[in-house]
2 protein chains.
Amino acid sequence: MVSIRKTHSDVVDAAGRLFAERGYHGTSMRALGKELGLLGSSLYSHVDSKQDLLVEVVEEGARLFETSAEDARTTQGTARDRLAALVTGHVTVVLDHVDVARTFLNEARMLDAEHRDRVLDARDHYERVFRSVLADGVRDGSFRSDIDPKTASIYILSVLNALERMTRPGH
Amino acid sequence: MVSIRKTHSDVVDAAGRLFAERGYHGTSMRALGKELGLLGSSLYSHVDSKQDLLVEVVEEGARLFETSAEDARTTQGTARDRLAALVTGHVTVVLDHVDVARTFLNEARMLDAEHRDRVLDARDHYERVFRSVLADGVRDGSFRSDIDPKTASIYILSVLNALERMTRPGH
DNA sequence: AATAGGCAAACGAACGTTCGTTTGCCTAAC
DNA sequence: GTTAGGCAAACGAACGTTCGTTTGCCTATT
């Protein structure tokens with residue numbers, strides 16, 4: 001028999017894939033099971049609920065971006081170096097974990113209020129790292145003095161978040 | 001009697017609102033009915049199917065952006081003027097029709113292949129207007145000669161599309 | 001001016017299907 | 001030999017949609 005027992009991690013990965021592709025509400029447990037060669041009901045050996053799956057995927061996304069930002073923030077060198085680390089880190093996370101990133105961006109609003117608020121906090125914290133590195137750069141002369149860190153961080157993150165859209169079929 | 005008869009347009013408007021907020025698959029016909037003070041079944045006096053509602057909202061979005069781009073493209077003046085018209089036109093559409101714009105951006109992928117392809121074509125055409133105005137501007141000296149119209153159009157549209165994200169509760 | 005007919009809008013119940021989830025059994029892996 | 005993973009069947013709830021009926025307004029006829 002070639003049947004391979006699936007793990008908790010297999011289920012979460014497949015969930016990220018389908019949530020990214022069809023959305024949380026567009027993904028049924030039966031469809032998720034089929035993606036893994038299982039029945040929908042069999043998933044409940046690995047997971048307590050569908051909502052828990054979304055929580056896990058979104059929190060993995062939060063953790064990935066958080067780690068990337070923390071690494072960049074503590075990078076040695078100028079503020080310009082740290083901004084470069086932030087940007088390449090973000091791109092790396094998105095390209096290496098497309099499905100998680102897409103689910104994190106688009107499906108977090110389907111979470112219950114408590115978890116959704118945690119995601120908003122995480123995003124806020126992430127943006128503040130960009131803003132503070134930009135402010136450092138303006139102060140130490142890395143960047144032009146007429147740059148407003150808040151505006152610039154929004155613009156940069158806008159372009160970075162647009163990366164995700166380009167991973168959809170038919171860019 | 002305070003009972004107000006609802007129109008086809010009322011239903012489409014409410015659908016845009018709920019699709020933007022909860023997503024297409026996260027919106028039930030009963031919830032949509034309740035939004036209007038009706039039963040779910042009563043909506044079928046105005047509409048043939050839920051899918052048709054999504055088609056209508058998304059196509060309205062496509063039409064709004066298309067019209068805005070066409071107005072900007074035929075604006076008198078320099079390429080810089082036309083780019084300004086494109087940007088302000090886009091912002092106006094998003095701010096005046098938040099729900100339609102959000103549904104157009106996020107829920108179009110829930111359409112059947114045929115309608116989805118039409119949306120992709122419309123987006124492609126919209127981006128080409130930006131690209132061509134930018135190319136004109138590089139040629140006539142409105143913009144720096146080292147600007148790549150394709151890259152610049154992607155960046156500009158990234159920032160413009162990010163507008164929508166900021167209309168979500170908790171920016 | 002009164003009234004009857006037609007019609008679109010809305011209701012309330014029910015259709016068949018799918019949803020997320022639970023249960024009990026079987027079997028492959030430890 | 002124990003146990004965890006998967007199956008098959010079933011649960012109640014919710015889904016999109018259809019049905020037959022009622023409601024209230026508009027209009028044409030009286």
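Letters A, B, ... are given to chains in the order of the sequence lines, protein chains preceding strands, and every chain is numbered from 1. Remember, predicted model here, so these are calculated numbers, not experimental data. Excluded from the calculations below are hydrogen atoms, water molecules and symmetry mates; all remaining heavy atoms, backbone and side chain alike, are included.
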Starting at [atom1] of [X] and ending at [atom2] of [N], how long is that distance when rounded to a whole Å?
X: B:Met29; N: D:dT18; atom1: CE; atom2: P; answer: 10 Å
X: B:Asp10; N: C:dA9; atom1: CG; atom2: P; answer: 11 Å
X: B:Lys34; N: D:dC15; atom1: NZ; atom2: C1'; answer: 15 Å
X: B:Leu32; N: D:dA14; atom1: CG; atom2: P; answer: 18 Å
X: A:Lys6; N: C:dA29; atom1: NZ; atom2: C1'; answer: 15 Å

(request) Rounded to the nearest 0.5 Å, what's the gap from OG1 on A:Thr7 to CG on A:Asp13? Could you check? (result)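 Spacing of OG1 (A:Thr7) from CG (A:Asp13) equals 7.5 Å.
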(message) If I take atom OG from residue B:Ser158 and atom CD from residue A:Glu164, how far apart are they, to the nearest 0.5 angstrom?
(response)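 Reported value, rounded in 0.5 Å steps: 11.0 Å.
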(request) Tell me which nucleotide among C:dA28, D:dT17, C:dA10 gets nearest to the side chain of B:Leu38. (result) C:dA10
(message) With a 4.0 Å cutoff (strictly under), does any side-chain N or O of A:Ser28 reach OP1 or OP2 of C:dC19?
(response) yes
(request) Salt-bridge test for A:Asp146 and A:Arg144: reply yes if a basic N is under 4.0 Å from a carboxylate O, no otherwise. (result)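 Yes, this pair counts.
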(message) Assess whether a salt bridge exists between A:Glu59 and A:Arg63, defined as any Lys/Arg side-chain N lying under 4.0 Å from an Asp/Glu carboxylate O.
(response)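 No.
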(request) Please work out which of the three classes, parallel, tilted or perpendicular, describes the rings of A:Phe104 and A:Phe65, given edges at 30° and 60°. (result)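 Rings of A:Phe65 and A:Phe104: tilted, as their planes differ by 30° to 60°.
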(message) With heavy-atom distances below 4.5 Å as the criterion, would you say the side chains of B:Val159 and A:Ile154 are in contact?
(response)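 Not touching, per the 4.5 Å side-chain cut-off.
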(request) Compute both the distance and the angle, then confirm whether A:Lys50 meets the cation-pi test with A:Tyr24: under 6.0 Å from the six-membered ring centre, within 45 degrees of the axis. (result) yes
(request) Tell whether B:Arg30 reaches the base of D:dG16 with its side chain through a donor-acceptor pair below 3.5 angstrom. (result) yes
(request) Carefully, step by step, assess A:Asp99 and A:Arg102 under the rule salt bridge (charged side-chain N to carboxylate O under 4.0 Å, His left out). (result) CA-CA 5 Å; A:Asp99 302 322; A:Arg102 288 182 63 185; 5.3 Å; no
(request) Convert the base pairs of DNA chain C into dot-bracket notation, remembering that pairs crossing earlier ones are written with [ ] and that bases paired across to another strand are shown as |; include only Watson-Crick or G-U pairs under 3.5 Å. (result) ||||.|||||||||||||||||||||||||
(message) Near DNA chain C, counting only heavy atoms under 4.0 Å, which residues of residues 39-57 of chain A show up?
(response) A:Ser41, A:Tyr44, A:Ser49, A:Lys50
(message) Regarding A:Gly26, tell me which of base, sugar-phosphate or nothing describes its non-hydrogen contacts under 4.0 Å with the strands shown.
(response)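 Nothing: the residue A:Gly26, judged by heavy atoms under 4.0 Å, touches no strand.
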(request) Would you classify A:Thr7 as touching base, sugar-phosphate or nothing, given that sugar-phosphate means primed atoms plus P, OP1 and OP2, and contacts are heavy atoms under 4.0 Å? (result)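 Contact class for A:Thr7: none.
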(request) Test A:Arg123 against A:Glu127 for salt bridge (charged side-chain N to carboxylate O under 4.0 Å, His left out), laying out the working first. (result) CA-CA 6 Å; A:Arg123 291 209 191 129; A:Glu127 196 209 313; over 6 Å; no
